[in-house]
Amino acid sequence: MKIKQLFAVIKLNSHLQFADPTVQFIMILVPLIMAPFMLPAAKIQLSAEGYIHTNGAEQVIPGLAILFSFFSIQLIIQMFFDETIWNTWDRQQISATSLTEIITGKAVVAYLIQVFQLGTVILISVLVFKFRINGNWFAFVMIIISFAATLTFFGIMLVSWSKSSAIALSLSNLLGILMAGLGGSLSPVTSFPRWSKILARIDPAYWGLLAIKKISLDHGNFATIVPHLSILWSMTLIFCLLSLIGFHFQPLKEGNN
């Protein structure tokens, strides 16, 4: 892999993404608008679980941040399929830039967008909604950056196995809502029926939110969340391998949108 070509891909895709950051702005703004309406109910739910000194932000903010991170997968999908619309995908591959460098460069940009979105929602919520972390902040940051990586490669996997952007976008919206809800973004998993609690264990949102809960509510530290991080990293690796297989057997084609 040539570093010069890789940085060229990163630079180009960063410019394209931030030339019109409207979608990124909306994905940050909407959860912040929704949060005040959900805080009272979340406070009651947490009080019922024994967390009587909370204001509900501990449940609402991470949940909404992760929910809209799933929605922002559409940015990853569009980043790839725009190349087919512009008829530049195959042209790049016959240039000095390899397919691995193209995918890696786009993955880096997509990952940074995910981290920025999650981090911005959390930081603003600390100031506006008094979202507090009573555990270790380093452990909290590790969960955020690890979950962002998992979600990035989940989006790339959808691209690699989809024949068109329409299919990939539909799958990302459907699976995003399902996985965010099943993982506990809108309501604690403890309130779910038994079958959904079992199903939630294959959902990266579940492990991300569970780790955040241990840190923000249960005074957790890095050692507390090592099992959760291990599962997220394993899922990231699986999504990465499936993406490579998908691009190998079903490469994107010019104009296949």
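- A donor-acceptor contact closer than 3.5 angstrom is absent between the side chains of Gln114 and Thr152.
- Following chains of ILVMFWY side-chain contacts shorter than 4.5 Å, one cannot reach Ile61 starting from Leu217, and the two form parts of different hydrophobic clusters.
- Separation of atoms CE (Met235) and OG1 (Thr150) is listed at 8.0 Å; rounding is to 0.5 Å.
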Inset, instruction - Go through Ile124 and Thr120 one step at a time and tell me if the side-chain contact (heavy atoms from CB on, under 4.5 Å) criterion holds. - result: CA-CA 6 Å; Ile124 293 177; Thr120 302; 3.7 Å; yes
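- Note on Ile145: it clusters hydrophobically with Ile76, by side-chain heavy-atom contacts below 4.5 Å among ILVMFWY residues.
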Inset, instruction - Begin with the C-alpha distance, continue with both residues' side-chain angles, and end with the deciding distance and a verdict on side-chain contact (heavy atoms from CB on, under 4.5 Å) for Ile73 and Leu175. - result: CA-CA 11 Å; Ile73 287 177; Leu175 295 175; over 6 Å; no
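- Under the rule for a side-chain hydrogen bond (donor to acceptor under 3.5 Å, both in side chains), Glu58 has no partner lying at least two apart in sequence or in another chain.
- The stretch residues 166-180 participates, sequence neighbours left out, in no side chain to side chain donor-acceptor pair (under 3.5 Å) pair at all.
- The closest side-chain heavy-atom distance from Phe129 to Val60 is not below 4.5 Å.
- For the pair Leu64 and Met38, the minimum side-chain heavy-atom distance is below 4.5 Å.
- We find the CD1-NZ distance between Ile103 and Lys106 to be 10.0 Å, quoted to the nearest 0.5 Å.
- Residues Tyr51 and Gln59 form no side-chain contact, since every pair of their non-hydrogen atoms from C-beta on lies 4.5 Å or further apart.
- Using a 4.5 Å cut-off between side-chain heavy atoms of Ile, Leu, Val, Met, Phe, Trp and Tyr, with links allowed through other members, Val159 and Leu241 fall into different hydrophobic clusters.
- Residues Val121 and Pro31 come closest through the heavy atom pair CG2-CG, 4.2 Å.
- Of all the heavy atoms in Gln117 and Ser69, the pair that sits closest is NE2-N, 3.3 Å.
- Atom-to-atom distance recorded for Met179:CE and Leu174:CG is 11.0 Å, nearest 0.5 angstrom.
- Distance check, rounded to the nearest 0.5 Å: CG of Asn136 to OG of Ser216 gives 12.5 Å.
- Between Pro204 and the options Thr236, Leu209, Leu232, Leu151, a side chain to side chain contact (heavy atoms under 4.5 Å, CB included) holds for only Leu232.
- Considering all non-hydrogen atoms of both residues, Phe81 and Ala168 come closest at CE1-CB, 4.1 Å.
- Hydrophobic clustering places Met34 together with Val128 (ILVMFWY residues linked when any side-chain heavy atoms are closer than 4.5 Å, directly or through intermediates).
- Side-chain contact between Val23 and Ser72 is absent, with no heavy-atom pair separated by less than 4.5 Å.
- When atom types are taken as modelled, the side chain of Ser185 and the backbone of Ile66 share no donor-acceptor pair closer than 3.5 angstrom.
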Inset, instruction - Take Leu210 and Val189, measure what side-chain contact (heavy atoms from CB on, under 4.5 Å) needs, and give me the verdict at the end. - result: CA-CA 9 Å; Leu210 183 60; Val189 177; over 6 Å; no
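- When all heavy atoms of Val9 and Gly105 are compared, the closest pair comes out as CG1-CA, 3.7 Å.
- The shortest side-chain heavy-atom distance between Phe138 and Ile215 does not fall under the 4.5 Å cut-off.
- In the hydrophobic clustering of this structure, Leu32 groups with Ile26; members are Ile, Leu, Val, Met, Phe, Trp, Tyr whose side-chain heavy atoms approach within less than 4.5 Å, directly or through other members.
- By the 4.5 Å heavy-atom criterion applied to side chains, Phe80 and Ser160 are not counted as neighbours.
- Residue Lys197 places its NZ atom among more than 12 non-hydrogen atoms of other residues, nucleotides or ligands, all under 6.0 Å distant.
- Summarising the geometry of Ala65 relative to Leu118, their closest heavy-atom pair is O-CD2, 3.6 Å, with the distance given to 0.1 Å.
- Within the model, atoms CD1 of Ile156 and CD1 of Ile77 stand 10.5 Å from one another, a figure rounded to the nearest 0.5 Å.
- Atom-to-atom distance recorded for Ile225:CD1 and Met142:CE is 7.0 Å, nearest 0.5 angstrom.
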Legend entry - Test log, rule side-chain contact (heavy atoms from CB on, under 4.5 Å), inputs Ile143 and Trp207: CA-CA 9 Å; Ile143 282 293; Trp207 294 104; over 6 Å; no
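- Thr224 and Pro227 make their closest contact through O-CD, 3.7 Å (heavy atoms, listed as atom of the first residue, atom of the second, distance).
- Counting heavy atoms from C-beta on, the side chains of Met27 and Gln74 come closer than 4.5 Å.
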Inset, instruction - In sequence, state the C-alpha distance, the side-chain angles, and the governing distance for Phe116 and Phe18, and then conclude on ring pair (Phe, Tyr, Trp, His ring centres under 6.0 Å). - result: CA-CA 12 Å; Phe116 177 77; Phe18 292 105; 7.1 Å; no
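- With a 4.5 Å cut-off on side-chain heavy atoms, Ile231 and Arg201 do not count as touching.
- For Gln78 and Ser165, the side-chain atoms include no donor-acceptor pair closer than 3.5 Å.
- Residue pairs that meet the ring-ring contact (aromatic ring centres under 6.0 Å, His included) test with at least one member in residues 147-198, sequence neighbours left out, are Phe154-Phe239.
- Side chain of Asp203 to backbone of Ala205: a donor-acceptor contact under 3.5 angstrom is found.
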